[in-house]
Amino acid sequence: MQCSWKAVLLLALASIAIQYTAIRTFSTKSFQLCPTANPANCSPGTDPSDSLDRVCDDNPPFSSNFSRKTHILILATTRSGSSFVGQLLNQHSDVFYLFEPLYHVQYTLIPKMTQSKSPADRRVMLGASRDLLRSLYDCDLYFMENYIKPQPINHTTDKLFRRGASKALCSLPVCDTDIYLEEGDCVKKCGSLNLTLAMESCKDHDHVAIKTVRVPEVNDLRALVEDPRLNMKVIQLVRDPRGILASRTETFRDTYRLWRIWRATGRRPYNLDVTQLTTVCEDFLNSVSTGLSRPQWLKGRYMLLRYEDLARNPMKKMEEIYDFLGVPVDGNVERWIQNNTRGDQSSAKHKYGTVRNSAATAESWRLTLSYDIVEFTQNACRQVLSQLGYKTVGSSLELRNLSFSLIEDKTFTLFL
């Protein structure tokens, strides 16, 4: 039986009315738009000039965990002083800190490599890393179980990389102790890590900070920085590539064996892997160029920090870091700096230690690298050395003359 044209018309009008009602209900109740006159009500991380993209805090569609926290990422490379910077946040009583959680991603997806190099490896790493970071910032530590090997049982593991570097994971309620435990004592006295208790601790802290050396450039974080659920701030830590190379040569003796042979014999090995140096300089150059070009998506979200400036004046730089984050400094951080920046030379022997004479270590590489290696590094990294304010030397005598600093007085103004 055929329907009359009047019946078809009535059905079409009814369908339109139902859709219109649903859209009105959804838009006014579930995603109430903020009034332009009161942008303070809007979720952080959005452009105040674009009111149509903002969501009101009094009726957020997202997790409340996101809206109340500052999410901090220390973006660094190996042997650039990132452990030291991480402790400046870890010591704060309101900060939940995680040390290198992306370690588990790398060694699950690329188990045979200490540094992923190929573009394909990087793409795999970055996709998984961004997903994990977003989950960790929401205090979802269960998501990390996908990468911890062997997989945790009943959300309990003793395989979390460098758990002891996190104060929150070595104190109540995660660990049954009311005293501060140093990293070496944490695993011994606290036993296996209960991820459920760790999640509770994370939710009880006002801010979440994560340190990583496994994200090459700040542009790789754009999706997270622009996520309206995250109030994310990035501290990019850089160091003189010559200092990084000297530190890696001493710390990773097997991996950098050919560099050590070059230094000892004065002859560059024909099969030297120069990408161990050039990749650092390329990543620095690309990332810092992005940050200093001040793209709108990084406004108020990016701070460039030279390790040498922090080492020479840790208290002043610490205050600048917390001012950028919008977090008040507490006494724990100040006391930690006083106790951990005045060590003698013996205190710097532990490769991941943070107790040292920080001012003396800033240019100590000048006494360990040979001039021919320094000259090679300067030629390979000339552009980024200039960009970051590191002076070059033209002779072995100039290299060893520590009375002449190779660190320019340079200010990197925040884009606020």
Side-chain angles (χ1 to χ4, degrees), residues 71-91 95 97-106 114-117 122 125-126 129-130 132-133 136-137 161-162 165-166 208-222 224-225 232-248 251-252 276-292 298 301-311 314 317-318 320-321 324-325 340 351-354 356 358 361-362 365 381 384-385 387-390 407 412:
H71 302 98
I72 308 158
L73 186 74
I74 301 170
L75 178 65
T77 191
T78 310
R79 308 310 297 170
S80 62
S82 58
S83 295
F84 184 87
V85 177
Q87 286 304 312
L88 297 184
L89 299 174
N90 181 44
Q91 299 302 317
V95 174
Y97 174 69
L98 290 174
F99 182 102
E100 294 293 345
L102 300 187
Y103 166 92
H104 296 285
V105 177
Q106 179 173 346
T114 56
Q115 297 285 332
S116 61
K117 299 175 183 178
R122 285 194 172 194
M125 267 288 298
L126 286 172
S129 295
R130 283 190 291 259
L132 179 57
L133 287 172
L136 294 178
Y137 281 134
F161 180 60
R162 295 288 301 279
S166 171
V208 178
I210 295 173
K211 191 257 304 186
T212 184
V213 296
R214 292 172 169 83
V215 175
E217 304 171 19
V218 70
N219 200 54
D220 297 320
L221 299 168
R222 181 168 180 172
L224 294 177
V225 174
M232 186 170 178
K233 299 203 173 186
V234 179
I235 300 171
Q236 175 158 21
L237 177 67
V238 295
R239 184 183 182 183
D240 190 324
R242 296 165 294 187
I244 292 174
L245 178 60
S247 182
R248 289 183 178 182
T251 305
F252 310 119
Q276 292 174 320
L277 169 68
T278 57
T279 298
V280 173
C281 296
E282 290 168 4
D283 287 345
F284 272 180
L285 183 62
N286 293 335
S287 190
V288 172
S289 295
T290 297
L292 297 184
L298 276 182
R301 305 288 174 189
Y302 177 82
M303 178 181 187
L304 180 61
L305 175 66
R306 290 192 305 187
Y307 165 72
E308 293 82 3
D309 295 330
L310 177 64
K317 282 297 172 181
M318 176 273 295
E320 291 179 8
I321 289 171
F324 161 69
L325 297 175
N340 288 266
K351 65 180 180 179
Y352 296 117
T354 54
R356 62 196 62 195
S358 60
T361 62
W365 60 266
C381 303
V384 76
L385 288 171
Q387 181 187 52
L388 295 175
Y390 297 121
I407 306 166
F412 301 99

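This is a predicted model, so every value here is computed, not measured. Values below: every heavy atom of this structure, side chains too, minus hydrogens, waters and symmetry copies.
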First locate atom [atom1] of [X], then atom [atom2] of [Y], and finally report the distance between them rounded to the nearest 0.5 Å.
| X | Y | atom1 | atom2 | answer |
| --- | --- | --- | --- | --- |
| Ser287 | Leu75 | OG | CG | 5.0 Å |
| Phe252 | Gln276 | CZ | CD | 10.5 Å |
| Ile407 | Asp240 | CD1 | CG | 7.5 Å |
| Phe84 | Ile74 | CZ | CD1 | 11.5 Å |
| Lys211 | Ile235 | NZ | CD1 | 13.0 Å |
| Arg214 | Leu102 | CZ | CG | 7.5 Å |

For the side chain of [X] and the backbone of [Y], is there at least one donor-acceptor N/O pair under 3.5 Å apart?
| X | Y | result |
| --- | --- | --- |
| Gln87 | Ala165 | yes |
| Ser166 | Tyr97 | yes |
| Ser80 | Thr77 | yes |
| Ser247 | Gly243 | no |
| His71 | Tyr137 | yes |
| Asn286 | Glu282 | yes |
| Arg222 | Leu298 | no |
| Glu100 | Val213 | yes |

* Asked: Do we get Lys233 above Phe324's six-membered ring, with its NZ or CZ under 6.0 Å from the centre and within 45° of the axis?
  -> yes
* **Carboxylate-amine/guanidinium contact Arg122 Asp283, below 4.0 Å** =>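 Salt bridge: yes.
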* Derivation of the side-chain contact (heavy atoms from CB on, under 4.5 Å) call for Leu305 and Val85 -> CA-CA 10 Å; Leu305 175 66; Val85 177; 4.2 Å; yes
* Asked: Between Phe161 and His104, what is the ring plane arrangement, given parallel below 30°, perpendicular above 60°, and tilted in between?
  ->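 It falls in the perpendicular class, over 60°.
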Do [X] and [Y] come within less than 4.5 Å of each other through their side chains, counting heavy atoms only?
| X | Y | answer |
| --- | --- | --- |
| Val234 | Met303 | no |
| Val215 | Leu221 | yes |
| Leu325 | Leu89 | yes |

Non-hydrogen atoms of [X] and [Y] that approach each other most closely:
| X | Y | result |
| --- | --- | --- |
| Pro101 | Leu132 | O-CD2, 4.0 Å |
| Tyr302 | Val288 | OH-CA, 3.9 Å |
| Leu310 | Lys317 | CD1-CB, 3.6 Å |
| Gly291 | Val218 | N-CG1, 4.5 Å |
| Phe412 | Leu292 | CD2-CD2, 4.2 Å |

* **Candidate pair Tyr307 and Leu237, rule side-chain contact (heavy atoms from CB on, under 4.5 Å), full reasoning** => CA-CA 6 Å; Tyr307 165 72; Leu237 177 67; 4.0 Å; yes
* Quickly, which of Glu308, Arg242, Arg306, Arg239 forms a side chain to side chain donor-acceptor pair (under 3.5 Å) with Tyr390? Name it, please. => Glu308
* To do: Show your reasoning for whether side-chain contact (heavy atoms from CB on, under 4.5 Å) applies to Ser289 and Leu285.
  => CA-CA 6 Å; Ser289 295; Leu285 183 62; 3.9 Å; yes
* Evaluate side-chain contact (heavy atoms from CB on, under 4.5 Å) for Val208 paired with Ile72, printing each intermediate quantity in order. => CA-CA 6 Å; Val208 178; Ile72 308 158; over 6 Å; no
